[in-house]
Amino acid sequence: MGRLKTRLCRVALCLTLLSQAPAVDARTLFDPLPIFAACTGRLSAVMEFQWLVQDPRSDATQTRRDQMAELLEAVTAPEDRVRAMSLRIEAKVAEAALLRVARFGRDRQVAAWAKARAERLVAECQALVIS
């Protein structure tokens, strides 16, 4: 009986503390804008790199990028447009740098790491879009 009483007291204490906590906006817990902005930027970089190296997969990448851009547009409030574009550009520049090192880097180890990292980041983005 002693353990049950202890557990009930702990539950009551937790409920009391939770009831006094300030309300949390759902956007504070999960803000999809940075994810969609970064993915749109990454896919833009991949698409442009595929154009550069004449990769026939660029059309499929462009379709995925357009889908991601639509998701980004849907979650971006007018006051967040500058922030979204900034995040998108930062991710595009970073992904383009990884792709350059992966393709043209002289150090094979670094190039292999850059390729794996670039592919992993884009795969995470592609997993968000139904193809």
Side-chain angles (χ1 to χ4, degrees):
M1 183 72 179
R3 282 193 258 178
L4 179 61
K5 188 176 181 182
T6 304
R7 285 185 184 174
L8 287 174
C9 287
R10 287 182 183 165
V11 169
L13 176 63
C14 286
L15 291 174
T16 303
L17 292 173
L18 287 174
S19 68
Q20 296 174 1
V24 177
D25 182 12
R27 276 190 83 178
T28 340
L29 294 175
F30 175 71
D31 182 9
L33 186 140
I35 295 167
F36 293 152
C39 285
T40 303
R42 286 184 188 129
L43 289 167
S44 294
V46 171
M47 178 187 68
E48 291 176 9
F49 192 79
Q50 288 171 335
W51 289 343
L52 175 71
V53 297
Q54 298 180 344
D55 188 327
R57 297 175 296 174
S58 64
D59 290 339
T61 303
Q62 184 172 5
T63 300
R64 277 187 237 105
R65 193 275 321 253
D66 292 346
Q67 292 171 335
M68 192 62 66
E70 288 177 17
L71 290 172
L72 176 60
E73 182 68 28
V75 300
T76 304
E79 63 271 12
D80 289 335
R81 292 198 188 285
V82 171
R83 177 176 162 239
M85 185 55 73
S86 175
L87 292 168
R88 185 175 170 172
I89 291 169
E90 287 174 14
K92 182 178 179 180
V93 169
E95 186 72 21
L98 285 172
L99 293 169
R100 273 192 312 276
V101 169
R103 180 72 177 235
F104 305 116
R106 294 181 189 263
D107 185 330
R108 288 184 184 192
Q109 247 184 336
V110 174
W113 175 86
K115 181 179 180 186
R117 180 72 177 147
E119 289 174 352
R120 186 171 39 252
L121 289 170
V122 171
E124 290 171 4
C125 293
Q126 291 175 344
L128 298 173
V129 179
I130 299 171
S131 11

Locate the shortest heavy-atom distance separating [X] from [Y]; write the atom from each residue and the value.
{"X": "Ala45", "Y": "Ala96", "answer": "CB-N, 3.8 Å"}
{"X": "Ala37", "Y": "Ala84", "answer": "CB-O, 3.6 Å"}
{"X": "Ser44", "Y": "Arg88", "answer": "OG-NH2, 3.8 Å"}
{"X": "Ala91", "Y": "Ala38", "answer": "CB-O, 3.3 Å"}
{"X": "Gln50", "Y": "Ser58", "answer": "OE1-CA, 3.2 Å"}

Under 3.5 Å, side chain of Thr63 to main-chain N/O of Asp59, donor-acceptor pair present? yes

Rounded to the nearest 0.5 Å, how far does CD of Glu95 lie from CD of Glu119? 9.5 Å

Roughly how far, to the nearest 0.5 Å, is the CG atom of Leu71 from the CD atom of Gln67? 8.0 Å

Tell me, do [X] and [Y] make a side-chain contact under 4.5 Å, heavy atoms counted?
{"X": "Trp51", "Y": "Val46", "result": "no"}
{"X": "Thr61", "Y": "Arg64", "result": "yes"}
{"X": "Arg83", "Y": "Pro34", "result": "yes"}
{"X": "Trp113", "Y": "Val101", "result": "no"}
{"X": "Leu121", "Y": "Leu98", "result": "yes"}
{"X": "Met85", "Y": "Arg81", "result": "no"}

Tell me whether [X] shares a hydrophobic cluster with [Y], the cluster being built from Ile, Leu, Val, Met, Phe, Trp, Tyr side chains joined at under 4.5 Å.
{"X": "Val129", "Y": "Met47", "answer": "no"}
{"X": "Ile35", "Y": "Ile89", "answer": "no"}
{"X": "Val93", "Y": "Phe104", "answer": "no"}

Who passes side-chain hydrogen bond (donor to acceptor under 3.5 Å, both in side chains) against Asp66, sequence neighbours left out? none

Pair listing, salt bridge (Lys or Arg N to Asp or Glu O under 4.0 Å) test, anchored in residues 100-113, at least two apart: none

Taking it one step at a time, do Glu48 and Lys92 satisfy side-chain contact (heavy atoms from CB on, under 4.5 Å)? CA-CA 10 Å; Glu48 291 176 9; Lys92 182 178 179 180; 2.8 Å; yes

Could you please spell out the steps behind the side-chain contact (heavy atoms from CB on, under 4.5 Å) verdict for Gln126 and Leu43? CA-CA 9 Å; Gln126 291 175 344; Leu43 289 167; 4.2 Å; yes

List, by chain and number, the other hydrophobic cluster members for Val82, where Ile, Leu, Val, Met, Phe, Trp and Tyr join if side-chain heavy atoms come within less than 4.5 Å, directly or indirectly. none

Is there a side-chain contact (heavy atoms from CB on, under 4.5 Å) between Phe36 and Thr76? Walk through the geometry before answering. CA-CA 10 Å; Phe36 293 152; Thr76 304; over 6 Å; no

